[in-house]
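A short worksheet on the structure shown next.
These numbers were taken from a predicted model, which means no experiment stands behind them.
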Amino acid sequence: MLRGVLGKTFRLVGYTIQYGCIAHCAFEYVGGVVMCSGPSMEPTIQNSDVVFAENLSRHFYGIQRGDIVIAKSPSDPKSNICKRVIGLEGDKILTNSPSDFFKSHSYVPTGHVWLEGDNLQNSTDSRYYGPIPYGLIRGRIFFKIWPLSDIGFLRDSPNGHRFSDD
Amino acid sequence: MLRGVLGKTFRLVGYTIQYGCIAHCAFEYVGGVVMCSGPSMEPTIQNSDVVFAENLSRHFYGIQRGDIVIAKSPSDPKSNICKRVIGLEGDKILTNSPSDFFKSHSYVPTGHVWLEGDNLQNSTDSRYYGPIPYGLIRGRIFFKVMQQTGMIWGYASAQWSSSSIFQTEE
């Protein structure tokens, strides 16, 4: 009787671990659903929008300029940030405010990316903490599923290009 | 006949995916065996030493000063680095060379760590590329399994490590 119950418990635990690992790998290597919060990507992504993120581009190093990515925050490893890739390694980035008289620029170091939110007035991004290592990127957002009034693939940046093309 | 073969193939693929995922999660969340190459951690870890790395400390944010960690390289996301944690966020780090007359120091920013190799003369670390975000850390090395014992074994290990057991992080 007891052996039957123990046997069933072990089988249940075994199946849970098994399917838990498979689900984890699916979210890790393929993609999943994410809810974004905060105003830094308005109007492209509003607060509490639900989006699809795919993780294949990151593993195949296919992230490009203009992609919206999810990354671990460089100042808080427990939270994630959601910004647009403005520059890849080697790109020249304009770093001055629009009110400055003289333009200043810097180059993105190897292995790093420069992120900015679409809502430039209300976004803490690479203009504040500098370029972040590519290794912090976790996935690429490519499709919005909620709210239904705004469903579809995501738009290009409303801010135009802020880097000098090579 | 064909249906039997197809059925067996699907079952085989299914089992492979299943156990592959379980093995991946085990290496990802518990730990695994790693081979380190390079001279930057001598004499603690020699070139081609085999060590155990555990990944639990990273997930529970239990990395401490003095731990040897494996992290993604900040200048090359495809490779890993193996250094010792010298400072955590908020710590004051001496950044001048011993030959400088005036001492200079800086503070480690929030969410970052300062890494240095044990072989200070021959190590590219935070003294070169600055503090790295905690999020790049992948695991903590705590046990040396095997020291390089000879040329033939060393060479075989180097080949094996190119398809290393240590998986990409979550």
Side-chain angles (χ1 to χ4, degrees), chain A residues 13-32 53 55-63 69-81 85 88-90 107-115 124 126 128-139, chain B residues 13-30 55 57-63 69-81 85 88-90 107-113 115 124 126 128-139 166-170:
Chain A
V13 169
Y15 280 133
T16 310
I17 292 178
Q18 218 169 3
Y19 293 120
C21 290
I22 294 173
H24 168 79
C25 288
F27 288 129
E28 172 65 22
Y29 287 103
V30 180
N55 299 334
L56 296 170
S57 304
R58 157 175 81 120
H59 284 104
F60 292 113
Y61 302 99
I63 299 285
V69 296
I70 296 178
K72 275 194 202 171
S73 166
S75 40
D76 178 16
K78 297 180 190 175
S79 63
N80 296 322
I81 57 175
V85 174
L88 301 174
E89 58 187 15
Y107 288 91
V108 180
T110 24
H112 288 66
V113 294
W114 186 275
L115 302 180
T124 311
S126 284
Y128 172 71
Y129 43 67
I132 71 164
Y134 188 101
L136 289 180
I137 293 177
R138 305 188 59 184
Chain B
V13 168
Y15 280 133
T16 310
I17 293 179
Q18 220 170 3
Y19 293 120
C21 290
I22 294 173
H24 168 80
C25 287
F27 289 128
E28 172 68 25
Y29 287 102
V30 181
N55 300 336
S57 304
R58 158 176 81 120
H59 283 103
F60 292 111
Y61 302 100
I63 299 286
V69 296
I70 297 177
K72 275 196 202 171
S73 166
S75 39
D76 179 15
K78 297 179 187 170
S79 63
N80 296 319
I81 57 175
V85 174
L88 301 173
E89 59 187 14
Y107 289 91
V108 181
T110 23
H112 287 64
V113 294
L115 303 180
T124 311
S126 286
Y128 172 72
Y129 44 66
I132 71 163
Y134 188 100
L136 289 180
I137 293 178
R138 303 186 56 185
F166 200 87
Q167 298 291 323
T168 49
E169 54 85 51
E170 50 83 25

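Heavy-atom distances place both the backbone and the side chain of P74(A) under 4.5 Å from chain B. Proximity to chain A is limited to the side chain of Y61(B), based on heavy atoms less than 4.5 angstrom apart.
A distance of 9.5 Å separates CZ of F60(B) from OG of S57(B), quoted to the nearest 0.5 Å. Distance check, rounded to the nearest 0.5 Å: CG of L115(B) to CD1 of I81(B) gives 5.5 Å.
Per-residue counts of heavy-atom pairs under 4.5 Å with chain B were compared for I17(A), D76(A), I132(A), I22(A); the largest is that of I22(A). Chain B forms more heavy-atom pairs under 4.5 Å with one residue of Y19(A), F27(A), Y134(A) than with any other, namely Y134(A).
Residues that satisfy the side-chain hydrogen bond (donor to acceptor under 3.5 Å, both in side chains) test with S75(B), not counting sequence neighbours, are S73(B). Take N55(A) and apply the side-chain hydrogen bond (donor to acceptor under 3.5 Å, both in side chains) test, not counting sequence neighbours, and it matches no residue.
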